[in-house]
**Q** 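This structure is in structure tokens; I'll ask about it shortly.
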Amino acid sequence: MLEKNTVAPDFTLFATPDQKITLSEFRGRNVILAFYPADWSPVCSDQMALYNEMLKYFKKYDAEIFGISVDSKWCHLAFSQSRNLHFPLLADFEAKGETARKYGVYNDEEGECNRALFVINKDGLIEWSYLSPTAINPGADGILEALENLNTK
């Protein structure tokens, strides 16, 4: 798993069936990457719902959040609409798990992303990373602390 002071690997992934997002386009802003195993699972649903509620706090730190799993762009669209999410879910679908592998958080045994968080600063460096047990929602406290630490630099 990539750690602090590592350059965040760039990627381009589908955010909607007809729109892609490239990480490097967000240089100059803080970015939160929330890798998670799968849409529709109970823990993932709760985790993404929490981040949806936390958006106004993330925005205070000029931070964009992206959820990333190996689910398809169509699965993400249905999941996002059903949960009324207001941030992009990115499809690390083809080549499956390629972005998760770049960040060292792909679970080969399960064929999905591990539950992992990254806070990337405005210069594209990882400021904080956390690998959570798959069955536990990591919450938002670590993200907020990392963003606060960025704010005091």
Side-chain angles (χ1 to χ4, degrees), residues 1-27 29-55 57-58 61 63-121 124-147:
M1 178 174 181
L2 298 181
E3 296 183 0
K4 185 175 176 149
N5 296 323
T6 304
V7 174
D10 201 17
F11 58 78
T12 300
L13 297 172
F14 277 101
T16 68
D18 61 354
Q19 177 193 12
K20 291 183 176 182
I21 286 180
T22 299
L23 179 63
S24 58
E25 293 172 353
F26 291 86
R27 283 277 166 89
R29 303 203 55 200
N30 297 313
V31 174
I32 304 156
L33 301 181
F35 288 88
Y36 64 102
D39 294 340
W40 309 105
S41 70
V43 176
C44 297
S45 293
D46 290 347
Q47 182 183 4
M48 295 305 116
L50 171 65
Y51 297 156
N52 201 49
E53 291 176 24
M54 298 298 296
L55 288 176
Y57 298 103
F58 299 155
Y61 295 101
E64 289 286 332
I65 184 166
F66 301 109
I68 302 176
S69 80
V70 298
D71 292 298
S72 75
K73 57 191 175 184
W74 296 104
C75 188
H76 279 333
L77 179 64
F79 179 68
S80 183
Q81 288 176 343
S82 77
R83 299 295 189 265
N84 198 28
L85 299 179
H86 298 287
F87 64 93
L89 300 179
L90 306 180
D92 194 9
F93 185 71
E94 191 60 44
K96 185 178 180 184
E98 181 179 0
T99 299
R101 282 182 174 87
K102 288 179 185 178
Y103 282 78
V105 295
Y106 185 75
N107 182 331
D108 283 304
E109 190 175 307
E110 296 293 327
E112 60 194 22
C113 299
N114 287 318
R115 193 175 309 282
L117 301 170
F118 294 88
V119 172
I120 300 166
N121 69 23
L125 292 176
I126 295 170
E127 282 288 337
W128 176 81
S129 60
Y130 176 73
L131 181 64
S132 178
T134 301
I136 296 176
N137 180 343
D141 290 347
I143 294 169
L144 291 172
E145 185 176 324
L147 291 171

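The figures here come from the full heavy-atom set of this structure, side chains too, leaving out hydrogens, waters and symmetry mates. Note that the structure is predicted; figures quoted are calculated from it, not measured.
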**Q** With distance as the sole test, does T22 use its side chain to make a donor-acceptor pair with the main-chain N or O of S24 at under 3.5 Å?
**A** no
**Q** Distance-only, no hydrogens or angles: does the D92 side chain make a donor-acceptor pair with backbone N or O of I68 under 3.5 Å?
**A**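 Checked: no pair found.
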**Q** Y103 vs F35 aromatic rings, parallel, tilted or perpendicular, using cut-offs 30° and 60°?
**A**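 Y103 vs F35 ring planes: tilted.
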**Q** For the residue pair R115 and N137, establish whether any side-chain heavy-atom pair is separated by less than 4.5 Å.
**A**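 No, side chains not in contact.
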**Q** Provide the closest heavy-atom pair for V43 versus I136 in the form atom of the first, atom of the second, distance.
**A**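 Minimum heavy-atom contact is CG1-C, 3.9 Å.
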**Q** Do NZ/NE/NH1/NH2 and the carboxylate oxygens of K73 and D18 come within less than 4.0 Å?
**A**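 Salt bridge: no.
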**Q** Using side chain to side chain donor-acceptor pair (under 3.5 Å) as the criterion, list what pairs up with Y61, not counting sequence neighbours.
**A** E148
**Q** Do you know the tightest heavy-atom contact between Q47 and P138?
**A**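 Answer, listing the atom of Q47 first, then P138: NE2-CG, 3.5 Å.
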**Q** Quick one: closest heavy-atom pair of S69 and C113, and the distance?
**A** CA-SG, 3.8 Å
**Q** Return yes if some donor-acceptor pair links the side-chain N/O of N52 with the main-chain N/O of N84 below 3.5 Å, else return no.
**A** yes
**Q** So, applying ring-ring contact (aromatic ring centres under 6.0 Å, His included) with F66, which one of F87, F26, Y36 is it?
**A** F26
**Q** Ignoring hydrogens and angles, tell me if any N or O in the side chain of D39 forms a donor-acceptor pair with the backbone of F79 under 3.5 Å.
**A** no
**Q** Which atom names give the shortest non-hydrogen contact between R27 and V7, and what distance separates them?
**A** NH2-CG1, 4.4 Å
**Q** Would you say E145 has more than 12 foreign heavy atoms packed within less than 6.0 Å of its CD?
**A**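 Count not over threshold, so no.
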**Q** With D141, which residues qualify under salt bridge (Lys or Arg N to Asp or Glu O under 4.0 Å), at least two apart?
**A** none
**Q** Looking only at non-hydrogen atoms, find the nearest pair between L117 and G139 and report the distance.
**A**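 Closest approach of L117 to G139, heavy atoms only: CD1-O, 4.2 Å.
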**Q** Going by heavy atoms in the side chains, are Y106 and K96 under 4.5 Å from each other?
**A** yes
**Q** Would you find more than 12 non-hydrogen atoms of other residues, nucleotides or ligands less than 6.0 Å from Q19 atom CD?
**A** yes
**Q** Can a donor-acceptor pair be found, under 3.5 Å and without considering hydrogens, that links the side chain of H76 to the backbone of L90?
**A**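 Yes; judged by distance alone, with no hydrogens or angles, the pair exists.
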**Q** Could you tell me the separation between the CG atom of L85 and the CG atom of L77, rounded to the nearest 0.5 Å?
**A** 11.0 Å
